[in-house]
Enquirer: 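Dumping the structure here so I can ask a few things about it.
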Amino acid sequence: MELPQTLSMSAVSSTLGIFERKKKRDVHLGDRIFFWVLRLLAIGVMLLLLGITLNLLRVSFPIFSKFGLSYFVTNTWNPVTEKFGAGAFIYGTVVSSLIALVISVPISIGVSVFLTELAPRRLAEAVGFLVEMLAAIPSVVYGLWGIFVLAPWLRTTLQPALASTFGFLPLFQGPPYGIGMLTAGIILAIMISPTISAICREVFKAISLQQREAALALGATRWETISLAVLKSSASGIFGAVILGLGRALGETMAVTMVIGNRADISASLFAPGQTMASVIANEYAEATSDMHLAALSAVGLALFLVSFLINSSARFLVWRATRKSKGARA
Amino acid sequence: MTNLNPILEARQINAWFGGTQAIRDISISAQPNTVTALIGPSGCGKSTFIRCLNRMHEEVPGASVKGQVLLSGSNIYDGGVDPVSVRRKIGMVFQKPNPFPALSVAENVAVGLRLAGISKRSVLNETVEKSLRQAALWEEVKDKLRSPGTSLSGGQQQRLCIARALAVSPPVLLMDEPTSALDPISTARIEELLNELKKQVTVVIVTHNMQQAARISDRTAFFLLGEMVEFDETATIFTNPKDRRTEHYITGRFG
């Protein structure tokens, strides 16, 4: 019995040389458990996303069966007569976020250029820290500041000034309430600036000194060096930063609810009060008693979810295409 | 070759990084259409010195320079001189190829002209071709002028950087170890190129490769510990150096 066994063993060891025989799969039990735990977690994330979507669809189903897709473009919101349309909220979210981007993007890029390219290192560290601290302030505090400081100043100073200079544009017509779309946009701009500028700074820092020296040695001025070596090379990174900021602006709830005025209306004037998708949910969810009202709010949630999803995925696609282009060319 | 009519002359150059003096009292001169090589062990100040010749040294935070550099008789360190205009006349090629990744091959070459305010298409196209030919790169890239500069191989990228520097027709071209990041074949191509280039420009080149200096240069300066030990005809430096330290270095006793 024993002899053939030793023979076969020696046969094996002769073919494998100095190596050990491959172990059966379940010998590495730890590996397999680890693998399955990770796989379950990854699947769990996807299921969660799917679950939220399905649940939102289920709860908001009565709305779509009654109003159809026109729910997203009509602009009536009357819980008493149960007539619902989310157009004003989608408009409010898009417009307030756009105002935020228009104000925040140039400021954030400017701050990042200053901090990485021009400021002395000590100052850059201090200011960079302060800018990042802006992200740590709770949004309800921004809201309070907006109500008590920003809105009165807008009402008495900025809005009258805008009205008298640019009053020919419909954007700056109407009574200056202080509270409204413009105020929400400005608050959002402050809130998303740390995000955009932090990412821009990382992107700029990643550009090598050699790039800057190349520009300098060609006789570029300071500004030309920044534009040629830094900004041009960072286009896709800046774009990614802007999209992340936009994502934050779209979903921001508390501060916006406190300063936007909460009126379900579409007005050409930025001075007029409005309402966003996030703010209407925060405002009305606790008081929504009828099934139809709840369904309407869930449908708003679904719309917000879809808008964020679309923006994020299209941004990913654009960044992916930009990086693939430069990488593919490098290979 | 005598110092009859140097195109570039450095007089008593001293340079510091903060409080540390990196180079001390260095004077060299270069005749038109010659190649001057700067050799020496790592940390001897040869790169610092070449960066003083087009006012790049002062871009390092805390760095300072004292002394004169005359280009055709005008001091680039004169109080009223704009460093930007100095760098347009004295081009530079760096150790690592550094084309702009966001720009195409053609745009990389044209960028110096654009900075100088030239935007006429015909002039730009003409200069791009001429400069790429000068850098012996035209045949290899004429079909991919529109692809990114960084899509070329390392040696091609370095020749692209040479073309980029030549496009603004500088009388002097500085090269800071331009082949140290390249393979031997790319290195040989650039060395060949230098022989052609010196018909049009005066070249000052830093190299840590003594054979390279012997092959390509007319005059060689040997640097050691921030000072210039010896500056003479290349043949003299390599066959009959006057200073024992030069002899020790070129015979490989240190460095």
Side-chain angles (χ1 to χ4, degrees), chain A residues 109 113-126 200 202-241 318-331, chain B residues 50-51 53-62 82-105 107-117 144 146-153 157 160-161 164-168 170 173-176 181:
Chain A
I109 294 178
V113 166
F114 174 72
L115 293 181
T116 52
E117 307 298 318
L118 305 171
R121 208 168 56 93
R122 281 259 182 95
L123 181 69
E125 275 169 15
C200 281
E202 291 309 314
V203 171
F204 296 163
K205 275 189 204 159
I207 290 169
S208 66
L209 184 65
Q210 281 99 341
Q211 290 296 318
R212 296 179 176 89
E213 292 203 320
L216 279 175
L218 282 167
T221 61
R222 203 91 182 254
W223 160 243
E224 287 166 342
T225 303
I226 290 169
S227 128
L228 187 63
V230 180
L231 294 180
K232 269 207 178 124
S233 313
S234 332
S236 67
I238 294 175
F239 185 75
L318 286 172
V319 169
W320 170 77
R321 216 177 52 172
T323 51
R324 188 191 58 152
K325 216 162 95 185
S326 60
K327 264 184 205 149
R330 211 165 283 147
Chain B
I50 201 175
R51 290 167 61 91
L53 297 180
N54 66 343
R55 300 193 61 170
M56 284 295 286
H57 176 68
E58 66 205 50
E59 291 295 331
V60 180
D82 181 359
V84 167
S85 72
V86 170
R87 296 182 200 127
R88 290 192 179 159
K89 293 226 164 18
I90 306 179
M92 190 163 210
V93 173
F94 295 85
Q95 185 169 354
K96 270 175 83 181
N98 54 3
F100 298 113
L103 303 188
S104 71
V105 170
E107 286 166 340
N108 260 290
V109 180
V111 74
L113 291 176
R114 285 195 178 278
L115 288 173
K144 34 183 171 179
R146 306 216 170 281
S147 30
T150 41
S151 66
L152 304 178
S153 75
Q157 286 190 27
L160 178 63
C161 292
R164 181 176 67 184
L166 292 173
V168 289
L173 183 62
L174 309 176
M175 305 179 103
D176 188 1

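Values below: all heavy atoms of this structure, side chains included; hydrogens, waters and symmetry mates excluded. Note on naming: letters A, B, ... go to the chains in the order of the sequence lines (proteins, then strands), and numbering restarts at 1 for each one.
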Enquirer: Between CE of B/M56 and CD of A/E213, what distance do you get to the nearest 0.5 Å?
Expert: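 Reported value, rounded in 0.5 Å steps: 4.0 Å.
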
Enquirer: May I have the list of side-chain donor-acceptor pairs in residues 89-101 of chain B shorter than 3.5 Å, sequence neighbours left out?
Expert:
from	atom 1	to	atom 2	distance (Å)
B/Q95	NE2	B/S180	OG	3.2
B/N98	OD1	B/R164	NH2	2.8
B/N98	ND2	A/Q210	O	2.9

Enquirer: So for B/V86, is it side chain, backbone, both, or neither that comes closer than 4.5 Å to the heavy atoms of chain A?
Expert: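 Neither; nothing under 4.5 Å.
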
Enquirer: Rounded to the nearest 0.5 Å, what's the gap from CG on A/L228 to CG on B/L103? Could you check?
Expert: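 A/L228 atom CG to B/L103 atom CG measures 5.5 Å (nearest 0.5 Å).
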
Enquirer: May I ask you to say whether B/E107 pairs ionically with A/K232, meaning some side-chain N is under 4.0 Å from a carboxylate O?
Expert: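 Judged by the 4.0 Å cut-off on N to carboxylate O distance, B/E107 and A/K232 do not form a salt bridge.
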
Enquirer: Without swapping roles, check the side chain of B/R88 against the backbone of A/G219 for a donor-acceptor pair under 3.5 Å.
Expert: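 Yes; at least one donor-acceptor contact below 3.5 Å.
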
Enquirer: Under 4.5 Å, counting heavy-atom pairs only, tell me which of A/A215, A/A235, A/S208, A/P120 racks up the most with chain B.
Expert: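 Highest number of heavy-atom pairs under 4.5 Å: A/A215.
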
Enquirer: Side chain, backbone, both or neither: which part of B/L174 has a non-hydrogen atom closer than 4.5 Å to chain A?
Expert: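 For B/L174, there is no contact with chain A at all, as no heavy atom is under 4.5 Å.
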
Enquirer: Give the minimum heavy-atom separation between B/G112 and A/L218, together with the two atoms involved.
Expert: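 Minimum heavy-atom contact is CA-CD2, 4.5 Å.
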
